[in-house]
Amino acid sequence: QVQLVESGGGLVQTGGSLRLSCAASGRTFSIYAYALGWFRQAPGKEREFVAAISWFGSNTRYADSVKGRFTISRDNAKNTVGLQMNSLKPEDTAVYYCAADRDYLAQIYSTWGQGTQVTVSS
């Protein structure tokens, strides 16, 4: 079983930057077996995909709404995945969730962190 813990959320002005980080762990956990991703959920909206990175980091994919502004990365030696968010907009305000799944292309991942709040003020 994988456990995920996010950090790095907060309040930022429009146009600013934030970096989210997620630490993965587990008793028999091997990070190489999992693709890692970020999803977000704004108030009154469904959870949506943001970005994902494949098992060894060779492939990434992004939602159209964040392409060119967000960058996902992973460090398998440290069991972490990060999300660098630049040029933030008020519509990026949401709770951001780190997620893991054995299927890189899954629409919804199977394991979730507790979430971290990102608020972008106008």
Side-chain angles (χ1 to χ4, degrees):
Q1 187 70 14
V2 179
Q3 289 83 46
L4 303 170
V5 178
E6 302 95 336
S7 61
L11 174 65
V12 65
Q13 291 185 334
T14 297
S17 298
L18 276 177
R19 179 174 176 80
L20 305 183
S21 185
C22 174
S25 63
R27 192 167 69 174
T28 57
F29 173 69
S30 173
I31 198 170
Y32 295 102
Y34 291 86
L36 299 171
W38 291 92
F39 291 72
R40 66 187 181 185
Q41 188 167 18
K45 295 186 177 182
E46 293 187 351
R47 193 171 298 188
E48 65 175 2
F49 168 77
V50 175
I53 188 165
S54 59
W55 309 270
F56 292 95
S58 55
N59 293 295
T60 58
R61 58 190 181 99
Y62 296 90
D64 287 343
S65 58
V66 307
K67 277 182 184 177
R69 301 188 298 122
F70 290 11
T71 303
I72 189 170
S73 60
R74 65 188 290 166
D75 185 337
N76 288 343
K78 296 181 179 178
N79 286 356
T80 60
V81 60
L83 185 69
Q84 178 66 41
M85 306 185 293
N86 298 328
S87 302
L88 283 161
K89 305 175 182 179
E91 51 263 45
D92 294 318
T93 295
V95 176
Y96 282 71
Y97 296 90
C98 176
D101 199 279
R102 293 184 183 273
D103 183 359
Y104 166 65
L105 295 176
Q107 287 192 336
I108 296 294
Y109 279 18
S110 57
T111 301
W112 300 88
Q114 83 287 352
T116 186
Q117 177 70 46
V118 172
T119 303
V120 184
S121 64
S122 57

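What's counted below: heavy atoms across the whole structure, side chains too, no hydrogens, waters or symmetry copies.
- Ring geometry, Phe39 versus Phe49: the interplanar angle exceeds 60°, so the pair is classed perpendicular (tilted spans 30 to 60°).
- Among all heavy-atom pairs drawn from Gln114 and Val5, the shortest one is OE1-CA, 3.8 Å.
- Remark: the backbone N or O of Tyr104 is paired with a side-chain donor or acceptor of Tyr109 at under 3.5 angstrom.
- The two residues Ala94 and Gln41 make their nearest non-hydrogen contact at CB-O, 3.4 Å.
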Pair Ser110-Asp101, side-chain hydrogen bond (donor to acceptor under 3.5 Å, both in side chains): steps then yes or no: CA-CA 5 Å; Ser110 57; Asp101 199 279; 3.0 Å; yes
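- Ser73 approaches Arg19 most closely through the heavy-atom pair OG-NH2, 3.4 Å.
- With Thr119 contributing its side chain and Thr93 its backbone, the two residues share no donor-acceptor pair below 3.5 Å.
- Taking a cutoff of 4.0 Å between a charged side-chain nitrogen and a carboxylate oxygen, Lys89 and Asp92 do not qualify as a salt bridge.
- Atoms CZ and CG, from Phe70 and Leu20 in turn, are 8.0 Å apart once rounded to the nearest 0.5 Å.
- Remark: the backbone N or O of Ser54 is not paired with any side-chain donor or acceptor of Arg61 at under 3.5 angstrom.
- Between the side chain of Glu6 and the backbone N or O of Cys22 there is no donor-acceptor pair closer than 3.5 Å.
- The nearest pair of heavy atoms linking Ser65 to Arg40 is OG-NH2, 3.5 Å.
- A cation-pi contact links Arg102 to Tyr34, judged by a cut-off of 6.0 Å to the six-membered ring centre and 45° from its axis.
- Using a distance-only test at 3.5 Å, with no hydrogens or angles considered, no donor-acceptor pair links the side chain of Trp112 to the main chain of Leu4.
- Not a single donor-acceptor pair under 3.5 Å links the side chain of Arg47 to the backbone N or O of Ile108.
- Of all the heavy atoms in Tyr62 and Ile72, the pair that sits closest is OH-N, 2.9 Å.
- Leu18 CG to Thr116 OG1: the interatomic distance, rounded to the nearest 0.5 Å, is 9.0 Å.
- A distance of 7.5 Å separates CG in Asn76 from CG in Leu36, rounded to the nearest 0.5 Å.
- Val118 is listed as a side-chain neighbour of Val120, based on a closest heavy-atom distance under 4.5 Å.
- Of the possible donor and acceptor atoms, one in the side chain of Thr14 sits under 3.5 Å from a partner among the backbone N and O of Ser121.
- Distance alone, capped at 3.5 Å, is enough to place a donor-acceptor pair between the Arg69 side chain and the Ser87 backbone.
- Hydrophobic clustering of Ile, Leu, Val, Met, Phe, Trp and Tyr side chains at less than 4.5 Å, counting indirect connections, unites Phe56 with Ile53.
- Nearest heavy-atom pair, Val50 versus Tyr96, reported as atom, atom and distance to 0.1 Å: CG2-CE2, 4.3 Å.
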